[in-house]
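Here's the structure we're looking at; comments come further down.
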Amino acid sequence: MTLVMGFFLRLRLASVPADNATMATFLFKTEPDDFSWDDLVRVGREPWNGVSNNTALIHLRACRPGDEVFIYHTGKERRIVGLARIACEPYEDPEKPGRNAKDEPKFAVVDVEPVKPVKTAVTLAEIKSDKRFADLWLVKHTRLSVMPVPAKMDKALRTMCGL
DNA sequence: GCCAACGTTGGC
DNA sequence: GCCAACGTTGGC
């Protein structure tokens with residue numbers, strides 16, 4: 001019974017367009033030599049694969065269609081370059097099948113599509129020097145590649161990016 | 001279940 | 001290119 005209700009609830013929720021109250025924002029890092037913002041614009045939609053860190057995977061599984069994503073370039077650039085959107089529910093990486101202890105797909109993936117480039121690239125240095133972002137994973141936890149961006153920081157970042 | 005050794009990420 | 005800060009692995 002619960003299963004059946006859960007099924008219909010999921011169906012109903014899936015058919016309701018995302019609204020601002022429930023939308024979340026994330027930040028995804030990428031090494032531009034590997035896969036850049038320009039690559040994303042070129043292909044139009046891309047499965048965000050290669051995430052193997054467990055904390056990053058937890059954040060990735062929390063992504064929902066319509067959620068938006070700051071795209072950040074690591075390496076020499078170290079700056080936010082664009083805004084993208086989650087295009088589907090997280091799903092199992094077809095190239096890396098397997099289940100974790102919770103019987104979830106071990107390696108989750110979400111498809112991402114570009115929304116628009118930033119007007120002003122916001123650098124890691126700016127973010128680190130701004131107290132408002134002191135609790136952002138990007139600042140606190142250098143090596144995490146997929147992270148949520150709390151609403152207040154989201155707003156501040158969008159302003160800085162000219163979005 | 002502990003922990004040393006090792007591998008990786010990503011800033012500097 | 002270096003290395004700090006992790007996460008992972010495997011011996012015990």
Side-chain angles (χ1 to χ4, degrees), chain A residues 23-65 67-163:
Chain A
M23 264 183 49
T25 302
F26 294 84
L27 185 148
F28 288 5
K29 291 182 184 176
T30 184
E31 168 58 49
D33 287 346
D34 189 37
F35 186 80
S36 68
W37 167 257
D38 286 343
D39 291 330
L40 181 62
V41 170
R42 192 174 313 119
V43 297
R45 177 167 171 159
E46 179 75 3
W48 206 264
N49 52 25
V51 177
S52 57
N53 175 281
N54 202 47
T55 308
L57 282 168
I58 288 167
H59 296 319
L60 193 142
R61 288 191 200 100
C63 292
R64 291 295 172 263
D67 287 350
E68 292 187 325
V69 184
F70 289 103
I71 302 295
Y72 171 92
H73 280 174
T74 62
K76 261 166 77 176
E77 292 192 33
R78 300 192 297 281
R79 58 192 183 187
I80 294 170
V81 292
L83 187 72
R85 184 190 298 116
I86 302 295
C88 65
E89 295 285 341
Y91 59 98
E92 180 169 4
D93 187 341
E95 288 167 20
K96 296 196 269 177
R99 299 258 139 186
N100 67 13
K102 290 193 209 165
D103 201 33
E104 297 166 326
K106 188 159 199 273
F107 295 105
V109 173
V110 283
D111 289 1
V112 168
E113 53 193 14
V115 175
K116 55 181 160 183
V118 295
K119 286 203 183 72
T120 310
V122 174
T123 66
L124 177 64
E126 290 174 74
I127 292 169
K128 287 180 84 167
S129 66
D130 191 325
K131 281 183 192 147
R132 291 176 296 175
F133 303 117
D135 288 331
L136 188 62
W137 286 86
L138 188 71
V139 175
K140 282 199 303 187
H141 230 282
T142 296
R143 295 177 52 203
L144 190 72
S145 63
V146 175
M147 69 197 76
V149 178
K152 271 191 181 173
M153 299 188 204
D154 177 17
K155 206 175 171 207
L157 269 184
R158 281 170 199 262
T159 303
M160 290 166 74
C161 289
L163 291 169

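So that the names make sense, note that chain A is the first sequence line, chain B the second, and so on, each numbered from 1.
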What integer distance in Å separates [X]:[atom1] from [N]:[atom2]?
X      : N      : atom1 : atom2 : result
A:K76  : B:dC12 : NZ    : P     : 16 Å
A:N54  : B:dT9  : CG    : P     : 15 Å
A:L27  : B:dG10 : CG    : P     : 11 Å
A:L136 : B:dG11 : CG    : P     : 12 Å
A:R78  : B:dG10 : CZ    : P     : 13 Å

Under 3.5 Å, N/O pairs linking protein and nucleotides 2-6 of chain B:
none

Applying side-chain hydrogen bond (donor to acceptor under 3.5 Å, both in side chains) to A:E46 and not counting sequence neighbours gives none
Apply side-chain hydrogen bond (donor to acceptor under 3.5 Å, both in side chains) to A:H59 and list each qualifying residue two or more places apart in sequence or on a separate chain.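 Expected list: none.
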Spell out, as yes or no, whether a donor-acceptor pair under 3.5 Å connects the side chain of A:T30 to the backbone of A:F35. yes
Under the salt bridge (Lys or Arg N to Asp or Glu O under 4.0 Å) definition, can you give me all pairs with a residue in [range], not counting sequence neighbours?
range                       : result
residues 28-38 of chain A   : none
residues 141-152 of chain A : none
residues 130-142 of chain A : A:D130-A:R132

Please round to 10 degrees the angle between the axis of the first five pairs and the axis of the last five pairs in the helix from B:dG1-C:dC12 to B:dC12-C:dG1. 10°
Restricting to side-chain contact (heavy atoms from CB on, under 4.5 Å), what partner residues turn up for A:A84, sequence neighbours left out? A:W37, A:L40, A:V69, A:I71, A:V112
Holding to side-chain contact (heavy atoms from CB on, under 4.5 Å), I want the full list of residues that pass it with A:P47, two or more places apart in sequence or in another chain. A:Y91, A:V109, A:D111
With rounding to the nearest 0.5 angstrom, report the [atom1] to [atom2] distance, [X] to [Y].
X      : Y      : atom1 : atom2 : result
A:L138 : A:K128 : CG    : NZ    : 8.5 Å
A:I86  : A:C88  : CD1   : SG    : 8.0 Å
A:F28  : A:M147 : CZ    : CE    : 10.0 Å
A:F70  : A:L136 : CZ    : CG    : 9.5 Å

Please state whether the phosphate of B:dG11, meaning OP1 or OP2, lies under 4.0 angstrom from any side-chain nitrogen or oxygen of A:Y72. yes
Check each residue of residues 123-135 of chain A for a non-hydrogen atom within less than 4.0 Å of any atom in DNA chain B, then write out the ones that pass by number, or none.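 Those residues are A:L124, A:K128.
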ring-ring contact (aromatic ring centres under 6.0 Å, His included) with A:F107: which residues, sequence neighbours excluded? none
Sorted by number, the residues of residues 137-145 of chain A with heavy-atom contact under 4.0 Å to DNA chain C: A:H141, A:R143
